[in-house]
Structures are given as structure tokens and as C-alpha cells.
Amino acid sequence: MDFKQIEKKWQEKWVKEKTFNAIDFHPTKPKYYVLYEFCNVSGHLHMGHLKGTVPSDALARYKRFKGYNVLFPIGGDAFGLPAENAAIKTGIDPHDFVAQGMKTITSELNKIGLSFDWDRTICTSDPEYYKWTQWIFLQLFNHGKAYKEKAKVNFCPKCQTVLSNEDSQGGKCDRCGSDVVQEERQSWFLKMREYGDKLLQNVDRIQMAENLKEAQRNWIGRSEGTEISFDIYDESGKKLDKLDIYTTCVETVYGITFVALAPELKLIDKLKGSIKNWPEVETYRKQAALRSEFDRMSDQKDKTGCKLEGLYVINPANGRKVDIYIADFVLAGYATGAVMAVPSHDQRDYEFAQKFNIPLVQVIEGDTSTRAVEKGEYIPKNSKLMNSAEFSGMPAQEARVKIAEALIKAGVARKKVNYKMTDWAFNRQRYWGEPFPIVICPHCGEVGLSEKDLPLILPEVKDYLPNKNGDSPLSKATEWVNCKCPKCGRDAKRETDTMPNWAGSSWYWLRYTDPHNSEKLADFEKLKYWGSVDCYTGGTEHITRHVLYAFFWQNFLYEIGAVPTRDPFIRKMGSGLILTSEGKKMSKSSANGVSPIEVIEKYGADVTRMHLHFLGGYEDNTPLTYDGIKGITSFVDKVWSLQDMIKGDGVSKEHSFELASLNKKAGEDYENLKLNTAISAMMIFVKKIKEDGFITKEELRQFLIFLNPLAPHITSEMYERVFGGNIADESWPEYDEKDLVKAEVELAIQVSSKIITRLNVPTSASNDEILALAKADEKVAAALSGKTIVKEIVVPGRIVNIIAK
RNA sequence: GCGAGUGUGGCGGAAUGGCAGACGCACAGGACUUAAAAUCCUGAGAGGGCAACUUCGUGAGGGUUCGAGUCCCUCCACUCGCACCA
């Protein structure tokens, strides 16, 4: 068998004949939408692609056999740093780099034998595509969901650009791994935090592994609590201002012994005149500003801070005076940037209080002599309150509700929900991205372009390097930058930052439904027809980034009536990692990454597909070795040899059970992306055929269909040789339920839960008949002699257990 | 620290509460061969026994059940996510 020639033949045929093109509004077939995360066009095919694409390809092929109109598209994610860095390094125009990259990656993907609809291929840096990315931004802007503001943002000094929180996880730049710093900058934000609850509902509805859902919920970080207002006074008792503080532990409000503010809080500047030790405060604030938020978070042990002399607040619960500190353990970006400190019941406050000799007031029972008794301890125990006026003696869980009610009734507090997730910092000071459809007018401020002026084409520049002063390279394209204000017509300038690389990927699954539409991002009826993605596969590293962005944009587009549903995806399967044989993560670029193309050339695509997925489940991390590949190679050889064993037609009585079982098992496994057990089932079937020495024509036809989603090339070739025509035109065979049942089954017979013997009994036998047969057996009779039967259990097809004393 | 997930032979891994270790690799023995490779057949969780057989076995300990890898509780280990989030 010349697998190279066979694979090439079929891959070319599928593309040329458009075998797997999806049909809009198919008159009879139901739709099924399978999506694999589109590829970055800057690189080559890597093992991760093979791990991720093959099960979705198998699912797509299976669903087509089952009579579905399957949409299984692919495209390229092209904007962003890889193309731009290549441009800077080699001088190649990013447009050319991307065009070449698309060709490379698609031709490499094709070598795996994937059944894509190539006519729907899109590329995010294509103006026909990014026109609609800009259009969506414009809608966000027009609906008040995008705003520009001077704020502290994450900034990567090496990439010279602003980053979102999602791109700065762990304080490292997602692209280059440099430490991210916090800088005050004019930045674009999308109001993602406003969508917190809606995103959580998307998380609840999607079918996805629990650990991934938890990661998303964690990232969104919703908490319910109480916001309490504290009045601020100076030494003379004059009320100066009000301080809002958010807490999730309102039951500890009587234990407040100080409050702490984030050093960068603007309120501190307002109070400057009344702060007696201003120089000291100022020094501390400068120190804190020098440390990035990530530095501050990483050294949790060492608490620093500075008292605001001459000021105090009144605890509205008990009227007590409370000192004010600024401390860098308090984060400006979360809630109000101020905490009510209860050292007895919060470990951070406890450590701070120790360092600054602040007294403790214990308000909930427990041992606070060496550490705080925290929520996690007193809530499950429901410990009683103390030192809390009329709430003393009340269990903590009840006090939580009652104290909040009392403060709300008194008008000093309200219920509040907070999120850790922040608004999405949406601008980058880089060249290779979508230009904002925004004009900055000295008179009108930020003005959106008219929809008819889209796409706003990214201008050609010679110098792709970011400016040292932090401006985007586009600022140098003066002819492009200078324009007229669409509102007042006077001189204005375009926004010169570009969108982040996540912009184009936040809606691309919608475009596949109608990729060439020049009037709309996609026709509404087509969006309705294709609906949510039925099964979305791809890496887990995008769970707290791309997938959340996808939820966000889809919700927004739904609300403005551009798409028919709030859920982009019905099911999301997170692909496991390919590990080296030592169990280390295999990286795309480094030396331990093996090119799948080499493996495919050596063993063939069918063998490579099956080998990789025989190693483990879709969501498992699999260490890659070639030790076992021999088993797959010899399996494929055996399959090939089946064409020399054909005898008769129809389904033989020798094989009807095995064929029906395989039918059922393979179908379930494809549906669940469990290729490893599907392969195992195929092997068991072939083993049986080899034993019997024959296969009928009909059995072979069915078997080829069952195996086709795993090994599309060899099965297509064999089908054509034996039956003529294309196996892709076949449909999944039906099986008769009664073929799943053998005439006889072997049952394990237990006496008092211990296996005594095994008996073959007719499947049709009733429980009583089975018991009678069992008791008639010599060994069973011996085991039962002299004992009284207490209980008899028959599990049909499995086991008989006779309990005797 | 918090949360989630996972622990099964020499290895990758199977098992709707019902015969643990499917399938494959590696291993051992045999057939074919001058020989090797390839191929085919056979064996095999561990311990004991010539044998029929028997004891122990799914991270550890307890529990529920006629029956637990699977369900419940406690603990341990590993992986991932978040991490001074008030």
C-alpha cells in the first residue's frame, strides 16, 4: 500500500470537488456546527493542532454520515505581534508575511486530512473581515460600551504596548514574558465588567469540563457584599468627606480598628490640607507607585503603610473614631480601593495591626491570640458574635444578614456586587492591528466614523517600530492621521492606537456562516440557521481570555439585535497538551517540538492521526512517544488486507453482533470525542474478522464507514476499489437492537459475593430460570449445602449473587 | 492560602455500583528462517503451589452496600487555575 500516493490523491480530490462544503439552508438536513479554534498564521503546524483538529474532524465526518449538514470551517488569526515582529526583524511587509503564512498553515493542515469547507476560509487582517471588527467596535462605542480614559493600565516595556488584564496573567506579558508594569495612560476600555453576570450565565449554560468553568468563574470573581459609607473628620471634628468601603464580612463591623486606603486613591489628594504628616504620606505614595501591582502582590508577608495624621473616620455601626492608613496591600482597582480593617478576623489586617501596634477588637468567638479567626473558620462553625452591641451572642450567619439590614435601614450602607474582572483595556500601541474607526476632534472629542466609511484601511508605513514616547507607529503616517471631524468638519486626527489581537477572534465564528457578506457581519437568517456552535474545540489556555471575550461580544451583539442568541457555543472541549516523552510541555517553537509534517511523511496521516489519539483522551495531557506506533501501523495493514478476505454479501450471523456493537460504540465515541476507545473497538472487530478468516461485502462497507472518521484516506481508497464511488456520499448504517444481544451470555455466579463459577445461560432466560440453572450447578450446590438462602440477586447479563448463611 | 481536577500493571490507558487491568506498547516462550528482520501463535497484575487452586490487589484509612476503581467522610500526593479581591 502506498499511503503517500493515496493520501495525496484524496486530499486533492476533497479540495477540488468541494466534498465537505456546507450548504446554507439545507432543505432537509439538520445543521451541525463543528468549530476548531482558528490558527495563528505566523507559525507552522505543530502537534497541538493535530491533537486539537483530528477529533473535531472525526466528529464532523461522523455527523455528515448521520445525515447532518455540517459546517466545519477554518481560518487564520493574523493581526498581532508575531506578524509584526517578523516584519521588524526581516523587513517583510506584514501583509505579505500573513499571505504567505495563510498558504503555509492551510496546506499543512490539509496534510492531516481535515474535512474543512475551504470556501469559507477567513483571515482577520483582510479588510473585508476587519471592516466588521471595526463595525462591532463602532456599535460598542455608539452604545456607550467603549470609552477612553486616563487610567492605570498594564504596560509591557519590551513590546511597548498597553495590555489587558487577561494578557498580563501572573504579571507577565502574554507575548514576550517580560514583567508588566503599571502606567497611567489614555486608554480605550470596553465595559466588560458590566457583563459579569451575563458571562456567568454563559458559563452555567455551556457544556464544558468543571475545572474550566471554575477557572472562568474565578476570573470573573463575583462577590456579594455590603458597601458602607464612613464620614471623614479632621482633628477639630469637622466633617470633610465620605469614604465608601466594600466588605463581604459585614458581621465583623464592630471589630474595625482602622481603615486602609490604596495609596493611589484620588481622595487622598482632596484631603491633603488636613493631613498633618503630608511629606511622609507623599514619600510613601511615591514608593508605592514605583512598585508594580504585581510586585506588591508577590510580597504578601511584608506589610507596609503610613498613617494619615489629623484625620479619622466614624464607624457608623458604633460611632467610634477609627484611624486611617494608606497601605499598598489595598488595591486601587478593586471595589472602592478602601478596606475596613478587622485584625481579629482578617489575617492581612492582623499582620498590619501587629506591625503598626494597632489594637484588636474581637467580635466573633475563637482563638485570636496568634492569628485571625477568618470567615472560612467562623462561618462553617457558625460561631457567636461578641462585643457587637445588640448583635452579641447571635450566630455569625444570622448576624451577617441582620447587621447588613440594620446599616441599610440607617441609610449608611447598601448591598453591592463586585467583580475581580476589570473592563477590557482595548488599545495597543502597535502597527499590525485593526485601526479604531474613531476620530479625535479638539472640539467634539472622540467621534465615531460613519458606517459607510468602513473599513478604515490600515495605512502602509515604512517603519513598524513603536515610538519611544509610547505612541503607535500609525502616528507617523501623518497623511492618514490628519482628517476632518465627521461631526463638525474641522481639522481633527485619527486615533492612532490599534485594537488588540483578540479583537478579530471575538466574533469570527459568526462570520463563517456568511463569510463574503459585504452588507452585514453576517446575514441574520444564516446566523439563525447555523445557530450556536455545537462543538467548539481548542486549547485550554484561551479559557479566561478568548472564550470570555467571545461571550462578551456575543451578548452585546445579541442585545443590539445583530445575532439571534446569547450563547456562541453549546459545548466547548478543551484540548489537552502534548507533552514530551519526559512529561514536559511541548512548545511550538523550542527544540522539543516535533514537526507533525515529518511524522505524517514517515508514517502517513491516517496512522499519525490514530496514533496520537490512541495515547489518551481529548482533554488529557498526553506524553508523546512513538513506542506504540507499531500497533497502529499493523492495524492499518490488517485493515488494508480485509479487501482480500471478502466472501459473500449481507451481514453474516457470525458477525452481526460484533458489527452492531461496533456501530453503537463508534457512534458514541465520536460524539464524545473519545477516539482512543473508538480505535480500540475497531481493533477488536478486525481481530475477530481475522480469526474467522472472512468478511462479507456488506460488513466491509459498514466497517469502512465506521473507521472513516479516524482514517479517512485508507477507507476512501478501499471503498472506491471495492464499491466504486466516494465513501463521503454514504450514510451511517442502521443496526438492529436485537443484534446487540447474543443468544447466550456468560454470567458470573456468586455465593455470598464470592465467585463460585461461570455459566452460559440463554439471554432470554427469566431471573427464576437463571437462579434454577445456577443452583443446579455442582459447585454452587456444594457452596450452598447446609446453608440457608437469605437473598438472591440477579443482574441480567452480568452476575448472580446468592446470599446464604 | 482558596478553588477545581486527577491518582488503576513495567508504560500509554479501559471499565452505565456487577467477573478490575479492555486495546496497544514493551517483555517472555514458540512457529517460519541458514540467520536476523518482518509476520503468525501462546503466555503474563503481584505472591504461594507440580497441579486443580489459593491469598493479596485500583494513593492511605474509615463508611454505605449482597457487591465499591466507581458513592460518602478523613487524610496524602500530583496537575491546573486564581492568589493581599477586602
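Worth knowing before you read on, the calculation uses all heavy atoms, side chains too, and leaves out hydrogens, waters and symmetry mates. Lettering follows sequence order; numbering is per chain, from 1.
Looking at RNA chain B, the stems built from 3 or more consecutive Watson-Crick or G-U wobble pairs, each pair with its key distances under 3.5 Å, are B:1-7 with B:76-82, B:10-12 with B:23-25, B:27-31 with B:39-43, B:45-48 with B:53-56, B:59-63 with B:71-75.
Shown here are the side-chain contact (heavy atoms from CB on, under 4.5 Å) partners of Asn760(A), two or more places apart in sequence or in another chain: Glu744(A), Glu746(A).
Nucleotides rU64(B) and rU70(B), compared at atom C1', are 14 Å apart to the nearest Å. A gap of 27 Å separates the P atoms of rU79(B) and rG69(B), to the nearest Å. If you take atom P in rA15(B) and the same atom in rA22(B), they sit 12 Å apart, rounded to whole Å. Spacing of C1' atoms, rA68(B) relative to rG49(B), comes out at 30 Å, to the nearest Å. If you take atom C1' in rC56(B) and the same atom in rU65(B), they sit 22 Å apart, rounded to whole Å. Taking atom C1' in both rG48(B) and rA36(B), one finds a spacing of 39 Å when rounded to whole Å. Rounded to the nearest Å, the gap between the P atom of rA83(B) and that of rG9(B) is 35 Å. Straight-line distance between the P atoms of rG61(B) and rC76(B): roughly 15 Å, to the nearest whole Å.
In this structure, CZ of Phe635(A) is placed 14 Å from P of rC40(B), rounded to the nearest angstrom. Summarising the geometry, the separation between NZ on Lys779(A) and P on rA52(B) is reported as 12 Å, rounded to the nearest angstrom. Between the NZ atom of Lys805(A) and the P atom of rC66(B) there is a distance of 11 Å, rounded to whole Å. For the pair Lys375(A) NZ and rC2(B) C1', the interatomic distance rounds to 11 Å; values are reported in whole Å. Here rG18(B) presents its C1' atom at 15 Å from CD1 of Ile802(A), a figure rounded to the nearest Å. For the pair Leu579(A) CG and rC78(B) P, the computed distance is 17 Å after rounding to whole Å. The CD-C1' distance, from Gln169(A) to rC80(B), rounds to 13 Å in whole Å. Between Tyr350(A) atom OH and rG1(B) atom P the separation is 18 Å, expressed in whole Å.
The side chain of Val795(A) sits closest to rG18(B) out of rA86(B), rC19(B), rG18(B). Candidate nucleotides rC66(B), rU16(B), rA86(B) were compared by shortest atom distance to the side chain of Ser753(A), and rC66(B) ranks first. Checked against rA86(B), rC66(B), rG18(B), the side chain of Lys791(A) finds its nearest nucleotide in rC66(B). You'll find that the side chain of Ala215(A) is closest to rG81(B), out of rG81(B), rG13(B), rA86(B). Checked against rC82(B), rA14(B), rC19(B), the side chain of Lys420(A) finds its nearest nucleotide in rC82(B). Closest to the side chain of Asn801(A), from the set rA15(B), rC66(B), rA86(B), is rC66(B). Here rC66(B) is the nucleotide among rC82(B), rC19(B), rC66(B) with the atom lying nearest to any side-chain atom of Ile793(A). With distances taken from any side-chain atom of Arg758(A) to the nucleotides rG13(B), rC19(B), rA86(B), the minimum falls on rC19(B). For Arg348(A), counting side-chain heavy atoms from C-beta on, the closest listed nucleotide (rC66(B), rG5(B), rC85(B)) is rC85(B). For Trp219(A), taking side-chain heavy atoms from C-beta onward, the closest of the listed nucleotides rC19(B), rA4(B), rA83(B) is rA83(B).
A donor-acceptor pair is defined here as one N or O able to donate and one able to accept, closer than 3.5 Å; such a pair exists between the side chain of Asn621(A) and the backbone of Leu577(A). The backbone N or O of Lys303(A) sits less than 3.5 Å from a side-chain atom of Lys355(A), completing a donor-acceptor pair. Here the side chain of Gln216(A) pairs no donor or acceptor atom with the backbone of Leu200(A) at under 3.5 angstrom. Within the 3.5 Å criterion, the main-chain N or O of Arg348(A) finds a donor-acceptor partner in the side chain of Asp346(A). Without hydrogens or angle criteria, Gln347(A) side chain to Ala372(A) main chain gives a donor-acceptor distance under 3.5 Å.
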Its contact letters, B for base, S for sugar-phosphate only and - for none at protein heavy atoms under 4.0 Å, make nucleotides 21-30 of chain B read -BBSSS----
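A ring pair (Phe, Tyr, Trp, His ring centres under 6.0 Å) with Phe258(A) is found for one member of Tyr350(A), Phe230(A), Phe356(A), Phe352(A) and no other, namely Phe352(A). Among Asp328(A), Val330(A), Ile268(A), the one residue that satisfies the side-chain contact (heavy atoms from CB on, under 4.5 Å) test with Pro263(A) is Asp328(A).
The residue among Thr248(A) and Gly617(A) whose nearest nucleotide of RNA chain B is located toward the 5' end is Gly617(A). Between Thr622(A) and Ile799(A), the one whose closest nucleotide on RNA chain B sits nearer the 5' end is Thr622(A).
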Check the pair Cys306(A) / Tyr325(A) against side chain to side chain contact (heavy atoms under 4.5 Å, CB included), numbers first and verdict last. CA-CA 5 Å; Cys306(A) 173; Tyr325(A) 286 79; over 6 Å; no
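Side-chain contact, Thr252(A) with Lys375(A): no donor N or O sits under 3.5 Å from an acceptor N or O.
For the pair Gln750(A) and rC66(B), the criterion of a side-chain N or O lying under 4.0 Å from OP1 or OP2 is not met. The phosphate of rA15(B) (OP1 or OP2) has a side-chain N or O of Lys674(A) nearer than 4.0 angstrom. For rA86(B), the OP1/OP2 oxygens have a side-chain nitrogen or oxygen of Tyr334(A) closer than 4.0 Å.
Glu746(A) comes within contact range of at least one nucleobase, with a heavy-atom separation under 4.0 Å.
Both tests pass for Lys742(A) against the ring of Phe657(A): distance under 6.0 Å to the centre and angle within 45° of the axis.
Base orientation of rG9(B): syn (glycosidic angle within 90° of 0).
Using a cut-off of 4.0 Å between Lys/Arg side-chain N and Asp/Glu carboxylate O, Glu210(A) and Arg217(A) are scored as salt-bridged.
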